[in-house]
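Structure, as structure tokens:
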Amino acid sequence: MEHVFTIEPSAYTTFDNESELLEKGKEWGLISEKAAKMKVLAYKRDGKSLSCEIVGYTDKVTAVIRFENGQLHSIHPSYLKEMQAASFGGKAPAAVESAEEAALQADSEVAVQDEAEAVDTATADAPPWDTDAADNAQASDPSSLPATPKPDAPAKKSKKEKIELPDGKVSVTATVQEFTTVPNHFSDNDDEVIIYEAVTISEPLLELGSAWSSHSATLKKLELAVGDTITFEAKLVPKKLTKHPVPYKINNPAKIQKV
């Protein structure tokens with residue numbers, strides 16, 4: 001039977017192995033820290049409980065689950081966690097649908113906000129001799145137009161060339177720059193993250209500068225400090241850290257060693 005409510009992801013990241021799945025499940029609070037195996041989860045809606053399993057994620061705050069009929073569905077991990085409680089289900093069907101859509105919509109609004117902040121920054125940095133601003137002023141006051149044609153405006157510089165990140169996991173070296181937190185709109189607690197500097201992919205050789213990752217339970221066991229350099233294997237994706245100028249995210253680092 002087809003589920004008409006599903007929000008299928010256009011693309012998502014799958015887990016390379018069971019260890020990554022377990023780490024993500026613990027990070028999202030779907031299983032206990034002592035769990036050795038991922039359990040079958042319940043997706044509750046319209047008074048029904050449907051069995052599902054986590055198969056991946058589109059970003060840090062959007063999990064991808066698969067139902068028994070093979071359909072995929074995007075859902076916020078915190079909302080999926082609420083569904084595992086025996087008391088869940090008191091909400092009316094319309095409220096359940098609204099809450100789920102609101103969670104996904106909030107993620108989109110965060111992305112839009114980041115883009116708006118980038119535009120505001122570019123506008124604030126515009127030089128006082130901005131030719132576009134001069135043209136607008138002249139258009140509002142024709143008498144201010146010069147008697148002779150003004151020279152052509154200098155050609156705008158092309159945007160900085162975009163870095164193409166390798167697909168799949170790569171070997172990385174990075175130095176801990178800062179421990180911080182970022183707001184989580186769906187939890188009472190902020191998310192703990194680590195910001196790294198001198199981030200370098202060994203093969204192909206590629207210097208990224210800065211990147212960030214979740215301060216997961218695995219990383220906490222290493223008792224890292226600012227200035228520590230580590231090597232690990234991970235997949236890197238272009239994802240900006242909220243309210244920080246850090247453009248890349250490190251997903252599921254493994255085989256971590258202090259240098």
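Computed from a predicted model, the values in this text were never measured in an experiment.
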Determine whether more than 12 heavy atoms belonging to other residues, nucleotides or ligands lie under 6.0 Å from atom CG of Asn69.
-> yes
Is there a donor-acceptor contact under 3.5 Å linking the side chains of Tyr196 and Thr175?
-> no
One should read off an interatomic distance between Met83 CE and Ser78 OG, to the nearest 0.5 angstrom, of 12.0 Å
Show the numbers, then the answer: is there a side-chain contact (heavy atoms from CB on, under 4.5 Å) between Tyr57 and Asn252?
-> CA-CA 12 Å; Tyr57 54 93; Asn252 302 321; 3.1 Å; yes
Is Ile230 close to Val259 at the side-chain level, that is, under 4.5 Å between some pair of heavy atoms?
-> no
How far apart are the closest heavy atoms of Val199 and Ala174, and which atoms are they?
-> CG2-CB, 3.9 Å
Kindly indicate whether the side chain of Ile54, heavy atoms from C-beta on, has any atom under 4.5 Å from the side chain of Lys24.
-> no
Kindly work out whether a path of hydrophobic side-chain contacts (I/L/V/M/F/W/Y, heavy atoms less than 4.5 Å apart) joins Val55 to Leu30.
-> no
Do the side chains of Trp28 and Val64 join up, straight or via other hydrophobic residues, at under 4.5 Å, putting them in one cluster?
-> no
Thr218 versus Glu23: any side-chain heavy-atom pair under 4.5 Å?
-> yes
Of the non-hydrogen atoms in Trp212 and Lys239, which two are nearest, and what is the gap between them?
-> NE1-O, 2.9 Å
Could you tell me the separation between the CD1 atom of Ile201 and the CG atom of Leu165, rounded to the nearest 0.5 Å?
-> 6.0 Å
Would Ser214 and Glu192 count as a side-chain contact (heavy atoms from CB on, under 4.5 Å) if you check the C-alpha gap in whole Å, the side-chain angles of each, and the deciding distance to 0.1 Å?
-> CA-CA 6 Å; Ser214 300; Glu192 298 180 55; over 6 Å; no
Hey, any chance Ile163 and Val237 share a hydrophobic cluster, counting ILVMFWY side chains that come within less than 4.5 Å of each other, even indirectly?
-> no
So which heavy atom on Val40 is nearest to which on Ser51, and how close?
-> CG1-CB, 3.9 Å
For Asp59 and Lys249, run salt bridge (Lys or Arg N to Asp or Glu O under 4.0 Å): C-alpha distance rounded to whole Å, both residues' side-chain angles, the deciding distance at 0.1 Å, then the answer.
-> CA-CA 10 Å; Asp59 54 44; Lys249 184 191 176 201; over 6 Å; no
Hey, are the side chains of Val176 and Ile194 touching, using non-hydrogen atoms and a 4.5 Å cut-off?
-> yes
Taking atom NZ of Lys81 as the centre, does the number of heavy atoms from other residues, nucleotides or ligands within less than 6.0 Å exceed 12?
-> no
Any chance the side chains of Gln71 and Thr6 put a donor and an acceptor closer than 3.5 Å?
-> yes
Which atoms form the tightest heavy-atom contact between Pro253 and Leu219, and what is the distance?
-> CG-CD1, 4.4 Å
Could you check if a side-chain atom of Thr181 sits within less than 4.5 angstrom of a side-chain atom of Val193, using non-hydrogen atoms only?
-> no
Verdict with reasoning, Thr200 to Leu205, per side-chain contact (heavy atoms from CB on, under 4.5 Å) = CA-CA 7 Å; Thr200 303; Leu205 184 60; 3.8 Å; yes
Stepwise, does the side-chain contact (heavy atoms from CB on, under 4.5 Å) test hold for Lys39 with Ile31?
-> CA-CA 8 Å; Lys39 64 181 180 180; Ile31 54 176; 4.1 Å; yes
Is the backbone N or O of Ile65 less than 3.5 Å from a side-chain atom of His73, with the two atoms forming a donor-acceptor pair by type?
-> no
Give the minimum heavy-atom separation between Lys44 and Ser49, together with the two atoms involved.
-> CG-OG, 4.1 Å
For the residue pair Lys255 and Thr231, establish whether any side-chain heavy-atom pair is separated by less than 4.5 Å.
-> no
Transitively linked via ILVMFWY side-chain contacts under 4.5 Å: Val170 with Ile250?
-> yes
How long is the gap from CG on Leu208 to CD on Glu197, to the nearest 0.5 Å?
-> 13.5 Å
Under the ring-ring contact (aromatic ring centres under 6.0 Å, His included) test, residues paired with Phe67 that sit two or more places apart = His3, Phe5, Tyr43
Listed partners of Thr14 passing side chain to side chain contact (heavy atoms under 4.5 Å, CB included), at least two apart | Tyr12
Could you tell me whether a side-chain N or O of Glu178 sits under 3.5 Å from a main-chain N or O of Val226, the two making a donor and an acceptor?
-> no
Are Leu72 and Met38 connected in the hydrophobic side-chain network, where two residues link if heavy atoms are under 4.5 Å apart?
-> no
Leu224 and Lys258, any side-chain heavy atoms less than 4.5 Å apart | yes
Residues Glu53, Arg66; criterion salt bridge (Lys or Arg N to Asp or Glu O under 4.0 Å); working and verdict | CA-CA 5 Å; Glu53 59 178 344; Arg66 180 169 58 204; 2.9 Å; yes
Give a yes or no on whether Glu8 atom CD has more than 12 heavy-atom contacts from other residues, nucleotides or ligands under 6.0 Å away.
-> yes
To the nearest 0.5 Å, how far apart are NZ in Lys26 and CG in Leu21?
-> 10.5 Å
Taking every heavy atom of Val61 against every heavy atom of His76, the minimum-distance pair comes out as O-CD2, 3.2 Å
Taking only Lys NZ, Arg NE, NH1 and NH2, and the carboxylate oxygens of Asp or Glu, determine whether Lys169 and Glu20 approach each other closer than 4.0 Å.
-> yes
Does a side-chain heavy-atom distance below 4.5 Å link Leu241 with Tyr248?
-> no
Could you tell me whether the side chain of Lys235 and the main chain of Pro166 form a donor-acceptor pair under 3.5 Å?
-> no
